[in-house]
Amino acid sequence: MPLVDVIVTDIVQETPTVKTLYLSNADGTSMGAYSPGAHIDVVGPTSITRQYSLCSRPDGTETYAVAVKREDNSRGGSVALHELKVGDTLRISEPRNLLGIAVDATKHVLVAAGIGITPMLSMARHMHVNDIDFELHYFSRSEQEAAFLPLLRDRCPERLHAHVGVARDDQAALIGAALAGAATGTHLYVCGPDGFMIKVAELAGQHLPPESVHIENFHATEQPVAGSNTAFEVELDGETFHVPADRSIAQVLIDGGGDVDTSCQEGICGTCIMTVLAGDPEHRDSVLSTSERESGEVMAVCVSRTRGERLVLDYY
Ligand code: FES
């Protein structure tokens, strides 16, 4: 995916560990609108690429905003972003949306924990402005760590359920209560730590069909050791490629001249998703929804494979 240069035009310290970076096009042109819930790839000063949800106004045009939580035990991506100054430059991708608002839903339940609030900001703003029925459940360990909580209390207090300092064991009851009696057509969206998202998705599954549960996951799942992989063949545009056990489909297709975009290479960003015309994908990504996986019609070719002998793919 092509990257563009942007300038950091403002920095706001939201909490002791979260900063919002405001980004503008280096050439002065408008950033444009984006669909609520979208994210961008950000290539930081250490050349590490990470995905961040956009939390500026989705209908705004001047700047994008991303909120970065400082993770001191990470590989340094967020620490380097926290050291940026106004006027520094970054490279970002175009927005992509893996948490799009279901247009046919009758009600939306947004559930966030910690920095997982970021994609919910643009979604809540869009729903609030357009008078779409929603409620937002925001779990935070403390008031001090709850980024954007004052903003949400100011803008949509009647939609907001702030669960501050709730013990982990008590979270399920609150989420269950929010979903009890959910009307047909209700959709749930969740973003937060892995364990939290898994728990919420399991609870949601007791009330809603799988296609109504949407997860924003920017963490890669652990991959099986390469030694357990098998070789197979992939057909694209009538040409057959051999995928050995130690290489990904994306690597093989790109080396073979295929026009396959990649970014994270970890199965979390969705850039490399391709259409499956034939064959049985073995999904190893963290980006597709349950219903997308079960359909067998799409796959993330940077990490996913097949247990069979052949896949026929097309561009997505
Ligand atoms: S390149 Fe990010 S999911 Fe494949």
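Counting starts at 1 for both ligands and their atoms, in listed order.
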**OP:** Run the salt-bridge test on Arg159 and Asp133 with the 4.0 Å N-O cut-off and return the result as yes or no.
**Re:** yes
Subject >> Ile268: numbered ligand 1 atoms lying under 4.0 Å from its heavy atoms >> reply: 3 (S)
Original post:
Is Glu233 salt-bridged to Arg310, going by a charged N under 4.0 Å from an acidic O?
Top reply: yes
Original post:
What part of Glu266, side chain, backbone, both or neither, has a heavy atom within less than 4.0 angstrom of ligand 1?
Top reply: neither
**OP:** Could you find the nearest protein heavy atom to atom 3 (S) of ligand 1 and give me its residue, atom name and distance?
**Re:** Gly270 N, 3.3 Å
Original post:
Can you find a heavy atom in the side chain of Thr20 that is under 4.5 Å from one in the side chain of Asp10?
Top reply: no
**OP:** Show which atoms of ligand 1 fall inside a sub-4.0 Å distance from at least one heavy-atom site of Ser263.
**Re:** 1 (S)
**OP:** Flag Cys302 as yes if one of its N/O/S atoms falls below 2.8 Å of atom 2 (Fe) of ligand 1, otherwise no.
**Re:** no
**OP:** Could you name the option among Cys269, Ser286, Gly267, Ser304 that has the heavy atom nearest to atom 2 (Fe) of ligand 1?
**Re:** Cys269
Original post:
Crowded around Glu211 CD? As in, over 12 foreign heavy atoms under 6.0 Å?
Top reply: yes
Subject >> Salt-bridge contact Glu282-Arg284 (side-chain N to carboxylate O under 4.0 Å) >> reply: yes
